[in-house]
Amino acid sequence: MITEDIRILKMVTEYPSTLEVLNKFSPLFKNQAKAEINNSIARRINVKQAAEIAGVDLTLLLNELNESINEESNPPKKNNIKESKKMQNQKPEKLKKINAEKFLQLDVRPIIDSGKDPFLEIMSAVKSLKEDEVFHLINSFEPIPLYSVLEGRGFHHWTEKDGNTFNVFFFRDSEPSDLPENFTTKEKITEKDFDNVIELDVRELAPPEPMMKVLENISRIDENTLMVVHHHRDPVLLYPKLEERGYSAMTNKITDDYYKVVIMMKRKE
Amino acid sequence: MNQTSTIASSYSPPFRIVSKYFIAAIISFVLLNLSLLLNHSDIVGHHFNPKILGITHIATLGWITMIIFGALFQLIPVVLEVKLFSEKLAEVQFWIYTVGAIGLIYCFWYFNTGKYMNISAILLNLAMFIFSFNIIMTFIRVKKWNITGLYLGAAIFYLIVTAVAGLLLAINLGSPFIKIDHLQYLNLHAHTAFIGWVSMVVMGVTFKLIPMFTLSHGYKLKFAIWAFIFINIGLLGINTIFHYQETNFLYYIFTPMISVGICLFLIQVYIIFKNRVRKKLDTGLRFSAYAYLMLVLTTILGTFIAFIDYQNIINLTLIYGYMIIFGFFSMLIVGQMYKIVPFLVWYHKYSGKVGIEKVPMLKEMFSEKIAQYGFYIMIIALFGSLFSLTFRNEFGLIASFSLMLLSSLIFSFNMTTIFRK
């Protein structure tokens, strides 16, 4: 049975028929399906978050999903679901006061459109943010999972919808927050635990030196550390070696001769 | 982004099978050179001669195709990111193929046509069909197609055409039934083998391996696509018209198309080399670079032969064949083996230990210095042989073939060192 906390990727892999239901509900999912469930985003979010992002009723979605796999659905009781209020109508005082040059702007729509995961770009932008600066994220949907990731790092957010564009502002606030805690998901979001990033650039090395370099350094990866490898090709022979040693990898193709490989310890599920 | 952790371990190539093919090929290369030296007096005159046919098949079946089989089992999972359909079939194929190849070469050598030649040809066909089935079933799983995959697909098609044509020719030697000239059909068999099967593989793999070894990037592959189109139209045309008797006009259309296609391929190779990050060429890459230069010369000669009445220059086809087999393919294979085998053995034996204990570097796997001697000896032997063949100089032929044998021994010595590392 499909429950609200199953991850989209897992669901679609196990029950391909659910993809159709997702397509029906939102054009947003349609795009995701095209790029093989838009990979990373789908991996990170569960059905509940997906429903929130797409702005559809969770109960309804769950019912249809379960129907599509021919299983008796056990509809969650309606009153158990909190109707969450997504938008803050009131612009926080802090944002009004800050002048324009303190805004760091990142438009991730082109990245999403090309089927890639903007997560790393977002995190590196956040990392470079100074204490008094505000991070302005522009996206085509509301990046709900990101809220809790950045909340873990002490960021508040304020979201403004402009047509099909979402302007999300992340800012630090030393004063006690006047924002309600809207989106504390029980779902643990893995990436929020990573505090350290080891970067390796092996683009100038001929095989097998890239592999050697990575394997020599993976012992530095721990639960709070991930490794980003800048590679000139998709290192398919590396993956089994990582697997053997208990690491998993995700690869992002940036251009034909530039791949970003993210390596982390295997999740214990 | 792709989820690699679930499929990762399945990429591991079957080392045991790959090395078996490679070892058989290296042995064939030494045998090829030995038999050339011992039978140098037969290497004159027309190419339709039992010894020459035998030696040619040691080269094509034992040396070239054996190494291609091994290399493809190794490379397809890497290049197309897919698991080989069946490792068992690859193993079974090896034995059927080896028996068939030895049988056929024996039958050519003693010109024993009829039953045994036919059985050998049938075994070879069976092996080729098993191979094709295995690869096609592998291709079906491929999600990310690329230009190399396209070339490999075409190569499989021509392999089957070559094998079937070879079988028909074998039967025809024992009990003639082919209506057209046997030699014309032999021409079809040979060109489908060299341009269709071997060159398609070599070209497709070139687009992956050369950039990988030279760290070349920032170029487009549009010449690769045009080369593919030209060569295939030309080759399909030749394959069709060779079934008829009066073919002159169309022959003069399709043959230049193949030449143009090869030129486009060479331009693409040049572009790749020009965009390389590593400017210094090691021995393996130097062998490869010279092989492509030899292809330039071979293409010029091949086009020339197509347009003149070469029956009058009786051993021109021999020179042409020698250039293809030794100048282009052997040089390229030797060069690529110097890159692939050390990596393969290293990956198999040491990659699991990196970061845990001390492992040898790639360049410690064999002696680069000896390999360089092998390179110079091979170049001298190559031009010496071509010179001696042209002027029918027996002493030159013995000297050149001896040097080529020496070079092949150096190569096999180095390969043995790597395998035992």
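All values below were derived from every heavy atom in this structure, side-chain atoms included, with hydrogens, water molecules and symmetry-related copies excluded. Letters A, B, ... mirror the listed sequences (proteins, then strands); counts begin at 1.
Between A:P208 and B:Y347 the shortest side-chain heavy-atom distance does not fall below 4.5 Å. At a threshold of 4.5 Å between non-hydrogen side-chain atoms, the residues A:D234 and B:K144 count as touching. Counting heavy atoms from C-beta outward, A:E216 and B:I356 have side chains that stay 4.5 Å or more apart.
With a 4.5 angstrom heavy-atom cutoff, A:E204 touches chain B via backbone and side-chain atoms both. Residue contact with chain B, scored on non-hydrogen atoms closer than 4.5 Å, involves the side chain of A:R245 exclusively. Heavy-atom distances place the backbone of B:K353, and not its side chain, under 4.5 Å from chain A.
Remark: B:F343 CZ to A:L237 CG distance equals 5.0 Å, nearest 0.5 Å. A:E244 contributes atom CD, which lies 7.5 Å from atom OG of B:S351 (distance to the nearest 0.5 angstrom).
No more than 12 heavy-atom neighbours from other residues, nucleotides or ligands sit within 6.0 angstrom of CZ on B:F413. Within a 6.0 Å sphere centred on OH of A:Y258, heavy atoms belonging to other residues, nucleotides or ligands number more than 12. Taking a 6.0 Å sphere around OH of B:Y290, one finds it holds 12 or fewer heavy atoms contributed by other residues, nucleotides or ligands.
Across A:M212, A:K213, A:M211, A:K241, a single residue satisfies side-chain contact (heavy atoms from CB on, under 4.5 Å) together with B:V354, and that is A:M212.
Counting heavy-atom pairs closer than 4.5 Å to chain A, the top residue among B:K339, B:M361, B:M212 is B:M212. The candidate with the highest count of non-hydrogen atom pairs below 4.5 Å against chain A, out of B:G352, B:P211, B:G355, is B:G352. Note: A:R233 leads A:K260, A:R233, A:R203 in heavy-atom pairs under 4.5 Å with chain B.
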